[in-house]
Amino acid sequence: MLSKSFFDRPAPDVSRDLIGATLLYEGVGGMIVEVEAYDEADPASHSFAGPTPRNRVMFGPAGHAYVYKIYGIHYCLNFVCRPGSAVLIRAVEPLHGIATMQMRRGAMPEKNLCSGPGKLAQALGIDLTQNGLALDAPPFEVLAADGVHEIGMGPRIGITKGVETPWRYVLSGSRYLSKPMA
DNA sequence: TTCTGGATTATCT
DNA sequence: GATAATCCAGAAC
């Protein structure tokens with residue numbers, strides 16, 4: 001189980017170490033295969049313009065969940081690192097509670113259950129009520145990566161600013177990515 | 001108080 | 001490949 005001190009580091013460092021780790025919410029989840037780092041100096045980050053009511057948890061203590069809604073339809077789950085920085089969880093390889101995920105997402109191949117931030121949140125049952133929850137206490141559970149993994153890096157996806165910052169981290173060769181690494 | 005755009009996904013052609 | 005769906009924070013007035 002990862003403690004809050006694990007997250008009290010620069011977001012890119014945390015991102016790299018999260019690849020291969022296991023994320024569970026109420027026992028549902030799997031291995032993290034894709035994340036992106038954001039910090040307060042990053043124009044693509046919600047924290048770029050400073051603290052606001054919506055992103056205040058990003059400026060709070062490390063090791064908490066930051067959840068927001070995008071395009072009015074989907075939720076995205078972030079792990080707060082140092083104040084103003086966070087790691088966006090983009091994809092997970094389903095390992096636990098797959099039946100529950102398929103119930104929430106509809107019957108579909110496992111590779112499509114969590115292959116994107118919005119899908120991941122839906123599969124795990126994450127919404128705004130989870131915003132600000134601690135990651136080292138139930139119903140969340142984050143387990144350290146077991147063994148060595150080959151990490152791939154590249155430009156982040158779906159943003160309009162700061163695209164040149166290569167802070168996307170993936171598990172190389174995983175079939176559960178939102179988009180294959182170039 | 002009103003207006004606009006977004007770290008996305010599903011669906012249609 | 002293109003586009004609609006749909007809500008809230010932040011900016012503008």
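Order of the sequence lines sets the chain letters (A, B, ...), proteins ahead of strands, with each chain counted from 1.
Taking only distance into account, the side chain of A:His46 meets the base of B:dA7 through a donor-acceptor pair shorter than 3.5 Å. For a distance-only test at 3.5 Å, the side chain of A:Tyr68 qualifies as a donor-acceptor partner of the base of B:dA7.
Whole-Å rounding puts the A:Tyr75 OH to B:dT9 P distance at 15 Å. Separating the CZ atom of A:Phe48 from the P atom of C:dA11 is a distance of 12 Å, rounded to the nearest angstrom. Between A:Glu34 atom CD and B:dA7 atom C1' there is a gap of 11 Å when expressed in whole angstrom units. Whole-Å rounding puts the A:Arg104 CZ to B:dA10 P distance at 16 Å. Distance A:Tyr71 OH to B:dA10 C1': 14 Å, rounded to the nearest Å. B:dG6 atom P lies 12 Å from atom CD1 of A:Ile159, rounded to whole Å. Note: NZ (A:Lys69) to P (B:dT9) measures 15 Å, nearest angstrom. Atom pair A:Asn131:CG and C:dC8:P shows a separation of 13 Å (rounding to whole Å applied).
At a threshold of 4.0 angstrom between heavy atoms, the contacts of A:Arg105 are confined to the sugar-phosphate backbone, with no base atom among them. In this structure, A:Thr160 reaches the sugar-phosphate backbone alone: every heavy-atom distance under 4.0 Å involves primed, P, OP1 or OP2 atoms, never a base. Using a 4.0 Å heavy-atom distance criterion, A:Arg156 is classed as making no nucleic acid contact.
The distance between the ring centers of A:His46 and A:Tyr38 does not fall below 6.0 angstrom.
Applying side chain to side chain contact (heavy atoms under 4.5 Å, CB included) to A:Leu77 and the options A:Val92, A:Val87, A:Leu23, A:Asp127 leaves one that passes, A:Leu23.
A:Arg90 has a side-chain polar atom (N or O) that falls below the 4.0 Å cut-off from OP1 or OP2 of B:dT8.
Where A:Arg54 and A:Pro117 meet DNA chain B, the nucleotide closest to each residue was compared, and A:Arg54 sits on the side nearer the 5' end.
When each of B:dT8, C:dA5, B:dA7 is scored by its nearest atom to the side-chain atoms of A:Ile73, the top-ranked nucleotide is C:dA5.
Judged by the 6.0 Å distance and 45° axis criteria, A:Arg156 is not positioned over the aromatic ring of A:Tyr169. Taking the ring axis of A:Phe7 as reference, the NZ or CZ atom of A:Arg9 does not stay both within 45° of it and closer than 6.0 Å to the ring centre.
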Steps toward side chain to side chain donor-acceptor pair (under 3.5 Å) verdict (A:Glu40, A:Ser85): CA-CA 6 Å; A:Glu40 74 282 1; A:Ser85 68; 5.2 Å; no
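Pairing for C:dT6 is absent, with no Watson-Crick or G-U wobble pair whose two atom distances lie under 3.5 Å. Both distances falling under 3.5 Å, in either a Watson-Crick or a G-U wobble arrangement, place C:dA11 opposite B:dT2.
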